[in-house]
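In this chain, numbering begins with 1 at the start of the sequence shown.
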Amino acid sequence: MARSPNSAPSGAVTGAIRASQINGCGFCTDMHTKDAAHAGETAQRLHLVAVWREATVFTDAERAALELTEEGTRIADAAGGVGDEAWANAAKHFDGEQLAALVTLIALINAYNRLNVIVRQPAGDYQPGQFG
C-alpha cells in the first residue's frame, strides 16, 4: 500500500463521523458529513457509516479504522479497552505514523464530541469549510 507521509489515514473522516454518531454529537456529525460530501464523498457511503459492518462500500483499511474508532470511543463498554485484534488489524493497514495520527484523531474527536454535547451545541447550521 503506497502511503503519503503527510496524508490522513484512510478512514479518518468516516472514523470522525462514526465516533460523533456513537457519542450523540449532532454538531460534529453535521460538520463531518457536510465536509466529507463537499470533498466528494458519496451520499451512499455517508449513510452507511453507522452500519459499516454490513456495508460493502468500505475498504479493508477503512474497516480497520472504523473498528479502532469504535473500540477507542466505547472504552467504558469494554473493560480491556481496545482489543488486541482491533489493534493488530489496524496495524496491518497503517504504518506507525499513520496509526499514531489515527489514534490522535480518535482521541481528539471524542474530546470535541464531549465538549459539544456538554454545552449543547446545536446542529444543522454548519457550512462546509466554515472553520478553515
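- In Tyr112, the OH atom is not crowded: 12 or fewer heavy atoms of neighbouring residues, nucleotides or ligands sit closer than 6.0 Å.
- In this structure, the separation between CZ on Arg74 and CG on Asn110 is 11.0 Å, given to the nearest 0.5 Å.
- Using modelled atom types, one side-chain atom of Asp30 and one backbone atom of Gly124 make a donor-acceptor pair closer than 3.5 Å.
- The NE2 atom of His32 lies 8.0 Å from the SG atom of Cys25; values are rounded to the nearest 0.5 Å.
- Ile17 and Val51 fall within the same hydrophobic cluster, defined by Ile, Leu, Val, Met, Phe, Trp and Tyr side-chain heavy atoms under 4.5 Å apart, directly or through other members.
- Legend: side chain to side chain donor-acceptor pair (under 3.5 Å) pairs involving residues 118-132, not counting sequence neighbours, sorted by first then second residue: Asp35-Tyr126.
- For Asn113 (side chain) and Ile109 (main-chain N/O), a donor-acceptor pair under 3.5 Å exists by modelled atom type.
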Val103 and Trp87: side-chain contact (heavy atoms from CB on, under 4.5 Å), yes or no, with the steps?
CA-CA 10 Å; Val103 168; Trp87 184 261; 3.8 Å; yes

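- Under the ring pair (Phe, Tyr, Trp, His ring centres under 6.0 Å) criterion, Phe27 pairs with no residue, sequence neighbours left out.
- Between the side chain of Glu71 and the main chain of Leu68, no donor-acceptor pair closer than 3.5 Å is present.
- A 4.5 Å side-chain heavy-atom check between Asn89 and His93 finds at least one atom pair inside the cut-off.
- By the salt bridge (charged side-chain N to carboxylate O under 4.0 Å, His left out) test, Arg53 pairs with Glu70, sequence neighbours left out.
- When the side chains of ILVMFWY residues are joined at heavy-atom separations under 4.5 Å, either directly or via intervening members, Val57 and Leu66 end up in a single hydrophobic cluster.
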Evaluate side-chain contact (heavy atoms from CB on, under 4.5 Å) for Val117 paired with Arg114, printing each intermediate quantity in order.
CA-CA 5 Å; Val117 169; Arg114 282 155 176 75; 5.8 Å; no

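- One hydrophobic cluster holds both Val13 and Leu48 under the rule that ILVMFWY side chains link at heavy-atom gaps under 4.5 Å.
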Any chance you could lay out the side-chain contact (heavy atoms from CB on, under 4.5 Å) test for Trp52 and Glu67, step after step, and finish with the verdict?
CA-CA 9 Å; Trp52 64 270; Glu67 179 181 36; 3.9 Å; yes

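- Remark: Leu46 CG to Thr14 OG1 distance equals 9.0 Å, nearest 0.5 Å.
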